Amino acid sequence: MNEFALIRQFFLRPAKRVMQGGGDDCALVLPRAGQVLAISTDMLLEGRHFFADVDPAALGFKALAVNLSDLAATCAEPLAFTLALALPEANERWLQPFSQGLFECAERFDCELIGGDTTRGPLAISITVFGEVPSGVAARRDAARAHDDIWISGELGGAALALAIETANRTADVPHRVRIASLVERLERPVPRVGLGLELRGLIHAMIDVSDGLLGDLRHITEASKWGATISESELPMPEQVRKLPLLQRRRAVLRGGDDYELCFTADRGQREAVIGAGARAGVAVTRIGEVTPLEGIRVLGIDNRPLDDATLAALSGFDHFG
Ligand SMILES: [Mg+2]
């Protein structure tokens with residue numbers, strides 16, 4: 001199968017909202033009046049970002065979902081995306097489910113594929129998404145204010161635990177493979193919080209999506225905003241399986257674990273009811289986990305309400321298989 005046949009069979013769909021889609025030299029996109037374009041790119045590499053034997057349908061879904069998560073973190077509405085795909089071979093048994101998963105995500109979040117490129121090479125997937133957001137409403141990382149509440153959507157740590165289990169399944173001499181479907185779903189098919197991002201327009205100050213772990217991503221907000229933060233360990237929402245982990249592993253999964261694609265945002269205390277209402281309308285739980293402080297740096301209050309010391313926090317970093 002040549003490149004053009006491959007694109008026609010698996011990736012060409014008629015243009016809807018954009019003026020001209022895939023198949024021409026350029027796609028033409030006309031943003032609505034008063035809206036700015038929000039643009040983000042993510043790249044997924046085999047071996048680094050996903051296992052070689054991962055379900056191609058889940059991979060197609062996730063490749064777009066992680067990009068949509070960045071739109072959500074900007075309060076942007078998905079519009080279109082481009083796909084650059086390097087493939088070792090034109091394997092239809094892989095391409096069919098991959099494109100099916102990709103378009104499942106695209107249709108669910110109403111985001112059109114408008115162009116891209118394919119080439120032969122080690123498996124790599126790069127997607128650029130385009131979204132729309134009214135000028136002046138886009139959420140940023142540098143807009144937190146002192147004494148803002150800090151909120152998180154959904155739950156933390158599930159994807160990290162799933163990754164630890166999947167890694168152990170593949171590397172260690174485990175007697176039998178362990179698979180916890182609900183956790184694997186969080187890792188392999190994360191749901192970008194697009195609806196929540198839209199509901200939070202105008203209610204919040206700063207926002208980021210948690211792709212690299214809560215502490216690291218929250219630090220992007222505090223450093224950009226030039227404030228600090230205090231968060232309470234006892235308030236952090238997590239799946240039951242994570243809650244049952246030994247303390248150190250639990251802390252690693254929830255505070256450092258990546259791939260959750262939840263939204264972390266700050267809002268004025270006076271907006272508490274409005275934020276909870278926004279979560280309810282979007283169908284996702286939102287939890288207040290701390291506050292922005294005039295003091296720089298991030299402090300984590302342990303279960304006993306005392307701050308974790310630097311050595312404890314340092315011990316949380318680094319790759320870990322959770323034993
Ligand atoms: Mg991001």
Side-chain angles (χ1 to χ4, degrees), residues 36-45 48-50 59 61-84 102 105-106 108-109 111 124-133 137-144 148 150-160 163 186-201 203-225 229 231 236 253-267 279 282 284 286 289 292 298 317:
V36 293
L37 283 180
I39 304 167
S40 179
T41 298
D42 251 303
M43 185 183 249
L44 297 177
L45 293 180
R48 173 163 288 271
H49 299 104
F50 57 90
L59 184 60
F61 188 97
K62 181 170 179 173
L64 180 56
V66 299
N67 281 278
L68 293 175
S69 179
D70 285 323
L71 289 187
T74 313
C75 296
E77 186 178 351
L79 178 64
F81 69 103
T82 61
L83 167 71
L102 180 78
C105 187
R108 182 161 163 189
F109 295 98
C111 193
I125 306 153
S126 178
I127 286 180
T128 298
V129 280
F130 304 83
E132 284 180 323
V133 58
V137 169
R140 309 161 54 106
R141 297 176 179 184
D142 64 359
D148 270 0
I150 300 172
W151 296 81
I152 190 84
S153 68
E155 294 176 321
L156 296 169
L163 179 61
R186 285 169 202 263
L187 175 67
E188 294 188 350
R189 295 172 75 96
V191 178
R193 302 303 188 187
V194 171
L196 180 61
L198 298 179
E199 292 289 348
L200 291 174
R201 280 180 176 177
L203 286 182
I204 57 164
H205 290 153
M207 182 148 70
I208 192 168
D209 68 320
V210 180
S211 52
D212 298 326
L214 177 64
L215 286 183
D217 286 321
L218 178 57
R219 183 160 289 121
H220 290 307
I221 286 184
T222 56
E223 285 180 355
S225 301
I231 57 175
L236 299 176
V254 173
L255 293 169
R256 292 273 185 202
D259 265 345
D260 284 311
Y261 298 99
E262 296 296 349
L263 296 180
C264 177
F265 53 95
T266 83
V284 52
V286 287
I289 59 171
V292 177
I298 296 179
S317 52

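Remember, it's 1-based here, ligands and their atoms both numbered in the order they're listed. Since we're looking at a predicted model, the values are computed, not measured.
- Protein N/O/S atoms nearer than 2.8 Å to the Mg ion (ligand 1) total 2.
- At a threshold of 4.0 Å, the pair Arg186-Glu155 counts as salt-bridged, since one of the basic side-chain nitrogens sits closer than that to a carboxylate oxygen.
- A distance of 5.0 Å separates CG of Leu79 from CD of Glu132, quoted to the nearest 0.5 Å.
- Applying the side chain to side chain contact (heavy atoms under 4.5 Å, CB included) test between Tyr261 and each of Leu68, Val191, Val66 identifies Val66 as the sole match.
- The CD1 atom of Ile125 sits 7.0 Å away from atom CD1 of Ile127, with the distance rounded to the nearest 0.5 Å.
- We find that Asp259 and Lys62 are joined by a salt bridge, their nearest charged nitrogen and carboxylate oxygen being less than 4.0 Å apart.
- For the pairing with Ser69, the side chain to side chain donor-acceptor pair (under 3.5 Å) check across Asp42, Asp209, Thr74 returns one residue only, Asp209.
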